[in-house]
Amino acid sequence: MDYFDIVLTLGRIALDADRPRAVQQLQRLQTELVKIDPEQAAKIARMMKTAGKRQPMSPSGLEEMRATADSAKRRLPGEILSYSTPMPTDKETGAPLASVIFPNELSSEPPLLGTALAESIEDLLREWQLAAELERIGATPNTRALLYGAPGVGKTKLARYLAHKLSLPCVEARLDGLVSSFLGTTARNIGALFDFANRYQCVLFLDEFDAIAKARDDAQEVGEIKRVVNTLLQSIDRRNGRGFTVAATNHEHLLDTAVWRRFDARVFIPMPDAETRGRLLDQFSRPLRLQDTERKFLMWATEGMSGADLETLIEAGKRFLVLHGSGEEDGRPTRDRMVRGRTLLQALRRQAFLNSRMFESSRLALLAGDNAALGNALLSASFTQRETGELLGLSQSAVSRKLRGQQEKSGG
Ligand SMILES: Nc1ncnc2c1ncn2[C@@H]1O[C@H](COP(=O)(O)OP(=O)(O)O)[C@@H](O)[C@H]1O
Ligand SMILES: [Mg+2]
């Protein structure tokens, strides 16, 4: 039924150009289609509802997203990527320069970011929906976003989420193919990658962007870097209006300033704040539900961690729970607070040794140290005696006897 997509596209174009006449003809088509293919007739009706509307957002989130995606597609020139589209390759090695994640494979789950940032990102997407209004006042939707921030804060996840929201395939540059040790080849590969991205409707995603966008005054390899960055600048300019480009880097200070300036949106993705960290812990823990003490302890222990660290930690915790969690009930982890608290502490202790780098240094020292020091630290960090007992596997009175005494001693 390939022709029908063409019908829909023509319909959308017509609705944009001459709405009243297009509506008339599309209604005729719809009337005819109802007799032979009601499903297609319904598609026409839906398309007429969403396409070419010169008015603000539609009510439901789904409609809104469809409209954003429709609008993006309508406004982007280019062919449709398919599984059989050949990838561009490095001429010398044959290595692919990109890989494609198709819309149906892209996760619909947004990264968890602070509210203000998340709203700004949704605005970025809404610009596509209101592209017509923007154009009328001489503006265009944002098409180039640079994401920067520490490793593991969700930049890659966000880039793919943007592609998902636009319902466009995400063409991800592959550095292993792109960067070559042969003189001039990296620049040529960049050109080929952009040719490919410009030919098809897609989001071009340049992850680890610093690898190809390093400052041109870099003392080493000057000639080659210059060539690469100049090609990159030309390629970005050439792509203008041909599609969405997202770049991401953990090393924004290495970027060439001219490249930096090419992006309309330069979005700093911060480490999660306490509130977001709590939501991430809950999310990664699913389907398990964190008990209050567990959550409080995890919040304390994960101070300063990135989203990726939290995910790794919770995954390790789940594995530990299955391997060592005693007191199972029907194959599910126990609800016994004391057992769970103690198991969680053991799991974190294990990670403190296996994955030390993710912990903030004072937390690491306490987790790797003895119970008394940890217990006292918890008591002074607003954990109650009961909570501290649950984590250390001690009764409340034992906590009060053993730890308070020491605390007073060390305190006084
Ligand atoms: N803010 C976040 N919200 C949800 N998940 C996150 C977040 N940050 C990191 N993660 C998790 O960590 C993984 C790695 O994050 P990624 O997007 O690759 O980070 P970056 O590209 O910034 O290094 C993601 O796949 C996701 O599971
Ligand atoms: Mg990344």
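Both counts, for ligands and for their atoms, begin at 1 and track the order of listing.
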If you take all heavy atoms of Gly307 and Phe284, which pair is closest and at what distance?
O-CE1, 3.5 Å

What protein heavy atom is closest to atom 4 (C) of ligand 1, reported as residue, atom name and distance in Å?
Leu280 CD2, 3.5 Å

Keeping Arg144 on the side-chain end and Arg262 on the backbone end, is there a donor-acceptor pair under 3.5 Å?
yes

By number and element, which atoms of ligand 1 are closer than 4.0 Å to a non-hydrogen atom of Leu112?
1 (N), 2 (C), 3 (N), 4 (C)

What's the shortest distance from atom 13 (C) of ligand 1 to any protein heavy atom, and which residue and atom give it?
Glu311 OE1, 3.5 Å

When you check the gap from the basic side-chain N to the acidic O, do Arg342 and Glu390 get nearer than 4.0 Å?
no

For a side chain to side chain contact (heavy atoms under 4.5 Å, CB included) with Tyr148, tell me which candidate from Thr249, Val267, Ile269 qualifies.
Thr249

When you measure from the centre of the six-membered ring of Phe383, is the NZ or CZ of Lys296 under 6.0 Å away and within 45° of the axis?
yes

For Lys318, is the NZ atom crowded, meaning more than 12 foreign heavy atoms sit under 6.0 Å from it?
yes

When you compare ligand 1 with Gly152, is there at least one nitrogen or oxygen pair between them that comes in under 3.5 angstrom?
yes

Look at atom CD of Glu39 and say whether more than 12 heavy atoms of other residues, nucleotides or ligands are closer to it than 6.0 Å.
no

Is there at least one pair of N or O atoms, one from Gly154 and one from ligand 1, spaced under 3.5 Å apart?
yes

Return the residue, atom name and 0.1 Å-rounded distance of the protein heavy atom closest to atom 7 (C) of ligand 1.
Val153 O, 3.8 Å

Quick note on ligand 1: atoms under 4.0 Å from a heavy atom of Pro151 include exactly 23 (O)

Taking atom 17 (O) of ligand 1 as the reference point, the nearest protein heavy atom with its distance:
Lys157 N, 2.9 Å

Suppose I only count heavy atoms of Phe284 and a 4.0 Å limit; which atoms of ligand 1 are within that range?
5 (N)

Provide, to 0.1 Å, the distance between atom 18 (O) of ligand 1 and the closest protein heavy atom, together with that atom's residue and name.
Thr156 CB, 3.6 Å

Using salt bridge (charged side-chain N to carboxylate O under 4.0 Å, His left out), reason through Arg227 and Glu224 one step at a time and then give a plain yes or no.
CA-CA 5 Å; Arg227 185 167 18 220; Glu224 181 66 355; 3.0 Å; yes

Whether Thr156 has an N, O or S atom under 2.8 Å from the Mg ion (ligand 2):
yes

Quick one: does Ala248 get a heavy atom under 4.0 Å from ligand 1?
no

Heavy atom of the protein closest to atom 14 (C) of ligand 1 (residue, atom name, distance)
Ala308 CB, 3.9 Å

Taking distance alone, with no angle check, do Asn250 and ligand 1 share an N/O pair under 3.5 Å?
no

Salt bridge (charged side-chain N to carboxylate O under 4.0 Å, His left out) between Asp282 and Arg295, worked out
CA-CA 8 Å; Asp282 291 335; Arg295 195 172 191 277; 2.9 Å; yes

